[in-house]
Amino acid sequence: MIKILFNALSTLPLGALHVLGAMLGWAVYGLSASYRRKIDVHSKIAFPNNEAVRLRAVQGSVKHAGMALLELPYLWGNSSVQGAASRTEIFNWEVIEQAQAKGKGIVFLTPHMGSFESTAQVFSTRAPITVLYRPNRKPQLQEIIEGSRARDNVALAPTNLGGVKILLKALKRGEAVGMLPDQVPSEGEGVWAPMFGQPAYTMTLPGRLQQATGAAIVLAVGVRKPAGQGFRLEFYAGPEQLSSDPVEAATQINAEMENLILKHPDQYYWGYERFKAPKGQ
């Protein structure tokens, strides 16, 4: 049933999926008190003294969360060239060229905002990339995810020791790897570091990868254009060198994520439980 629905949605235009996604986002927001509370709490952490900006961010976040879900059939149901890449404008590609010139590989950092699912697809039309991902516990969904993400020039690395080895091998080949550094890691795989002034359990993996390979840190965000026009993939140079101290490195990364989020606060998913503690913490 899931596959049938997924295939049916993949035939719809991107604009139609975004309209339906916005409606879905508002429906979930209206029906779920816990979801409304999370968005309210998290947005107030980021904008404690600017209610007007906070409300605009919340309103955008609600609809963009729905869009992110319903655009997946379009992104996964079409090839990277015919789908995401054909509808994406590239901004600051020179940042990539400068990073590639170093020959040490690239660690892409992308927060939970905009069309983060499209960023690896678009980049893969120009160079190979390996993406860190958390396997889904539901077999049917996992089959769809693996079959849709791992294709063309995109390889997958699960969030375990084996996945870290895959990422290291890719970087040592001079290739790119990507991850969402605002994803809360498992107990023992992160440190507490501030984000928007609030303690947030943060992964240490980007710093460890850079120390092991000398890879360049590049920030990326897939901004969703209005009215189904597609996407704008923005690249920014990250810190030249992350601190060797895990907490300081995590603080650097969180500061970079804050800056990205504040560029497009209406496209960040404020309902994401960024400040939760993993089991054992």
Side-chain angles (χ1 to χ4, degrees), residues 38-50 53-54 57-58 60-61 64-65 68 92 95 99 106-116 119-120 131-134 159 164 167 176-213 215-223 234-281:
K38 290 174 187 176
I39 291 179
D40 185 62
V41 169
H42 298 159
S43 62
K44 285 180 177 177
I45 289 173
F47 306 105
N49 302 313
N50 197 328
V53 171
R54 186 188 78 83
V58 168
S61 177
H64 279 286
N92 260 359
V95 170
I106 300 173
V107 176
F108 280 113
L109 302 181
T110 305
H112 283 83
M113 66 181 293
S115 183
F116 63 84
T119 57
V131 179
L132 185 71
Y133 85 112
R134 182 169 292 168
T159 51
V164 174
L167 296 177
V177 303
M179 64 196 69
L180 281 71
D182 59 340
Q183 186 171 47
V184 180
S186 300
E187 191 274 332
E189 298 176 0
V191 293
W192 290 99
M195 185 166 182
F196 289 114
Q198 179 83 3
Y201 199 62
T202 305
M203 64 171 64
T204 58
L205 183 57
R208 289 188 284 133
L209 290 175
Q210 188 188 54
Q211 290 169 22
T213 64
I217 304 292
V218 174
L219 315 175
V221 57
V223 180
E234 301 177 355
F235 296 112
Y236 301 96
E240 185 72 24
Q241 183 64 54
L242 292 172
S243 172
S244 58
D245 179 85
V247 175
E248 290 181 3
T251 301
Q252 287 177 276
I253 290 171
N254 283 348
E256 297 291 349
M257 293 302 100
E258 286 183 32
N259 290 334
L260 276 185
I261 292 166
L262 292 177
K263 289 180 185 296
H264 308 282
D266 60 317
Q267 296 206 22
Y268 186 67
Y269 303 128
W270 297 105
Y272 178 65
E273 291 191 287
R274 178 64 188 95
F275 302 102
K276 71 177 181 181
K279 292 181 179 179
Q281 284 289 319

Exercise. Taking C-beta and beyond as the side chain, do Phe196 and Ile261 meet within less than 4.5 Å on heavy atoms?
Worked result: yes
Problem set entry | Donor-acceptor pair, side chain of Glu256 and main chain of Leu219, under 3.5 angstrom | no
Exercise. When rounded to the nearest 0.5 angstrom, what is the spacing between CD1 in Ile253 and CE in Met195?
Worked result: 11.0 Å
Can you give me every donor-acceptor pair (side chain of residues 273-280, partner residue at least two apart or in another chain, under 3.5 Å) with its distance?
from, atom 1, to, atom 2, distance (Å)
Arg274, NE, Asp182, O, 3.3
Arg274, NH1, Tyr201, O, 2.9
Arg274, NH2, Thr202, OG1, 2.9

For this session: Please confirm whether the backbone N or O of Gly114 pairs with a side-chain atom of Tyr269, one donor and one acceptor, at under 3.5 Å?
Result: yes
Exercise. Atom CG in Leu260, atom CE in Met257: separation rounded to 0.5 Å?
Worked result: 5.0 Å
For this session: Kindly indicate whether the side chain of Val107, heavy atoms from C-beta on, has any atom under 4.5 Å from the side chain of Thr213.
Result: no
Exercise. Side chain of Gln252, backbone of Ser243: donor and acceptor closer than 3.5 Å?
Worked result: yes
Seminar exercise, completed: To the nearest 0.5 Å, atom CG of Asp266 lies from atom CE of Met113 at 7.5 Å
Problem set entry | Main-chain N/O of Val221 paired to Thr119 side chain as donor or acceptor, under 3.5 Å | no
Exercise. Of the non-hydrogen atoms in Ala237 and Val95, which two are nearest, and what is the gap between them?
Worked result: N-CG1, 3.7 Å
Exercise. Is the side chain of Asn92 donor-acceptor paired with the backbone N or O of Tyr236 at a distance under 3.5 Å, no angle test?
Worked result: no
Problem set entry | Closest non-hydrogen atom pair, Pro206 against Met179 | CG-SD, 3.8 Å
Exercise. Are the side chains of Tyr272 and Val184 in touch, meaning some heavy atoms are under 4.5 Å apart?
Worked result: yes
For this session: Locate the shortest heavy-atom distance separating Pro181 from Leu109; write the atom from each residue and the value.
Result: CG-CB, 3.8 Å
Seminar exercise, completed: Closest non-hydrogen contact found for Ala216 with Ala99 is CB-CB, 3.8 Å
Exercise. Between Ala57 and Trp270, what is the shortest heavy-atom contact and its length?
Worked result: CB-NE1, 3.7 Å
Problem set entry | Verdict with reasoning, Leu132 to Val177, per side chain to side chain contact (heavy atoms under 4.5 Å, CB included) | CA-CA 8 Å; Leu132 185 71; Val177 303; over 6 Å; no
Problem set entry | Point-to-point distance, once rounded to the nearest 0.5 Å, from CD of Gln241 to CD of Gln210 | 4.0 Å
For this session: To the nearest 0.5 angstrom, please state how far the CD atom of Glu234 sits from the NZ atom of Lys263.
Result: 7.5 Å
Problem set entry | Nearest-0.5 Å distance that lies between atom NZ in Lys44 and atom CD1 in Ile39 | 12.5 Å
For this session: Over all heavy atoms of both residues, which pair between Pro194 and Thr251 is shortest? Give the atoms and the distance, please.
Result: CD-OG1, 3.6 Å
